[in-house]
S.K.: 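Before anything else, here's the structure in question.
In the text below, chain A, chain B and the rest are named by the order of the sequence lines, each starting its count at 1.
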There are 2 protein chains.
Amino acid sequence: MDPDIARNRLLDAAEELFYGRGVQAVGMDELRSASGVSLKRLYQLFPSKNDLVEAYLRRRDTRWREALAAYVAERTDPRARVLAVFDWLHDWFAGPGFRGCAFLNAVGELGGISPAVVTAAREHKDAFHRYLAELTADAGAPPEAAGHLALLAEGAIATAGVTGSPEPARRARSAAEALLQPKGSPA
Amino acid sequence: MDPDIARNRLLDAAEELFYGRGVQAVGMDELRSASGVSLKRLYQLFPSKNDLVEAYLRRRDTRWREALAAYVAERTDPRARVLAVFDWLHDWFAGPGFRGCAFLNAVGELGGISPAVVTAAREHKDAFHRYLAELTADAGAPPEAAGHLALLAEGAIATAGVTGSPEPARRARSAAEALLQPKGSPA
DNA sequence: CAGTCGGGAGAACGTTTGTTCTCTCGCAAG
DNA sequence: CTTGCGAGAGAACAAACGTTCTCCCGACTG
């Protein structure tokens with residue numbers, strides 16, 4: 001079997017299982033049967049479970065941000081692009097198997113014992129916040145708005161992860177609209 | 001040893017260890033030596049680790065909300081009372097051993113396998129949101145403001161948990177001030 | 001004082017974990 | 001054809017887990 005294919009199948013299985021049930025609840029044996037990749041191969045590709053966890057988070061970060069950017073890219077109006085972030089969140093929350101933010105979950109589970117996981121989560125959040133800052137700057141919003149919208153998005157993700165409802169995305173969107181109005185300039 | 005004392009010492013140890021390192025990273029044996037309560041007594045007070053986890057979350061919920069309410073109660077101006085929530089969050093984030101929201105962490109770790117943990121987290125978040133709704137209603141804010149401020153608070157908690165910095169509390173406070181202004185009524 | 005009950009300390013148990021080892025087979029090179 | 005390398009399947013391993021059991025002492029009752 002081609003190493004790249006094995007790697008992908010492994011990461012696919014890791015993502016589904018780690019995200020769906022938590023890292024510590026999934027054993028290497030289950031990963032092997034879910035991916036169809038032998039334990040020997042698994043351990044030459046990822047010398048330890050931690051390495052696999054890191055790779056899982058890194059790939060998820062990339063894909064998550066690419067999906068968001070692709071969704072936003074369908075709009076051209078700068079203000080609509082900012083608000084599209086919250087629409088995308090809503091779709092994500094409502095999708096099958098949604099179980100909160102993989103990075104928040106991983107930090108909750110492993111943050112106390114694995115600094116690498118904390119680092120990965122921090123980089124993911126930073127990258128997302130930078131992206132949001134670009135969008136808000138393009139929309140002509142005041143500079144502090146980026147940080148405010150980032151908090152709304154994080155709050156929506158965390159709340160949706162606990163409640164299981166996509167509603168926080170709509171609420172965050174409506175708050176974002178309010179914040180994007182420069183003071184004292186409603187219709 | 002008095003059962004109530006044993007129970008408290010157990011919950012103290014559980015809170016420190018579970019919160020600081022995660023539930024699955026702490027074994028019953030460590031709980032025993034940290035609390036000084038024998039395993040036999042431990043298992044008659046909490047027949048399984050899950051029961052102890054639940055009790056830990058429930059006590060933490062109560063204390064957390066009481067501490068917040070006590071802090072808020074020091075102010076009388078309705079608007080200041082709302083903003084005090086974010087000041088309290090800042091103090092919490094900056095305190096020693098802060099490692100994010102115990103409930104978010106527990107859901108990240110056990111949400112996929114323990115519905116009771118998810119329920120406890122949901123109740124905690126609900127109670128907090130209801131409290132925030134009271135405060136905002138008293139401040140004369142529009143009804144949707146409560147949900148908006150809740151998202152800001154949750155976002156600040158999640159972000160501070162990952163980054164370890166108390167700064168998100170200040171940012172959330174400044175966003176909250178902006179949201180509390182009825183549209184078109186700055187100074 | 002004798003007897004019994006309850007609890008503390010920690011050994012023991014069975015399971016599960018992450019990781020490594022063994023065995024076997026297919027296939028490519030000489 | 002034979003020889004050897006690499007990989008797959010899964011047994012094996014040591015450690016750690018949650019939970020239960022054994023042993024022993026110390027205190028209260030008659």
S.K.: Is a donor on one side and an acceptor on the other found under 3.5 Å between the side chain of B:Thr159 and the backbone of B:Ala156?
M.R.: no
S.K.: Using atom CZ of B:Phe46 as one end and atom C1' of D:dT20 as the other, report the distance to the nearest whole Å.
M.R.: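 It works out to 19 Å between those atoms.
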S.K.: Just by distance, no angles: are the side chains of B:Glu154 and B:His129 close enough, under 3.5 Å, to form a donor-acceptor pair?
M.R.: yes
S.K.: Can A:Asp61 and A:Arg65 be counted as an ion pair, charged N to O under 4.0 angstrom?
M.R.: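 Salt bridge present between A:Asp61 and A:Arg65.
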S.K.: Show me the protein contacts with nucleotides 18-22 of chain C, counting only N or O atoms at under 3.5 Å.
M.R.:
from   : atom 1 : to      : atom 2 : distance (Å)
C:dG18 : OP1    : A:Lys49 : NZ     : 2.2
C:dG18 : OP2    : A:Met28 : N      : 2.9
C:dT19 : OP2    : A:Tyr43 : OH     : 3.0
C:dT19 : OP2    : A:Lys49 : N      : 2.9
C:dT19 : O5'    : A:Tyr43 : OH     : 3.4

S.K.: Is it the case that the side chain of B:Arg21 and the backbone of A:Gly112 share a donor-acceptor pair, with hydrogens and angles ignored and the cut-off at 3.5 Å?
M.R.: no
S.K.: Take the protein atom CZ of A:Arg41 and the nucleotide atom P of D:dC5, then report the distance between them rounded to whole Å.
M.R.: 18 Å
S.K.: In whole Å, what is the span from the CG atom of B:Leu31 to the P atom of D:dG18?
M.R.: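 The answer, rounded to whole Å, is 9 Å.
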S.K.: Is there side-chain contact between A:Leu149 and A:Leu180, with at least one heavy-atom pair below 4.5 Å?
M.R.: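 A side-chain contact exists here, since the closest heavy-atom pair is under 4.5 Å.
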S.K.: Please state how far atom CD in B:Glu30 lies from atom C1' in D:dG18, giving the value in whole angstrom units.
M.R.: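 Roughly 14 Å, once rounded to whole Å.
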S.K.: Atom CD of A:Glu109 and atom P of C:dT17: how far apart are they, to the nearest Å?
M.R.: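 To the nearest whole Å, that distance equals 13 Å.
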S.K.: Distance check needed: D:dG18 P versus B:Asp51 CG, whole Å only.
M.R.: 14 Å
S.K.: Atom CG of A:Asp2 and atom P of D:dG8: how far apart are they, to the nearest Å?
M.R.: 11 Å
S.K.: How close or far is atom C1' of D:dC17 from atom CG of B:Leu42, stated in whole angstroms?
M.R.: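 Those two atoms, CG and C1', are 14 Å apart.
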S.K.: B:Ser35 side chain to B:Arg32 main-chain N or O, any donor-acceptor pair under 3.5 Å?
M.R.: yes
S.K.: Is B:Arg32 near enough to C:dA9 that one of its side-chain N or O atoms lies under 4.0 angstrom from OP1 or OP2?
M.R.: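 Negative; the distance criterion is not met.
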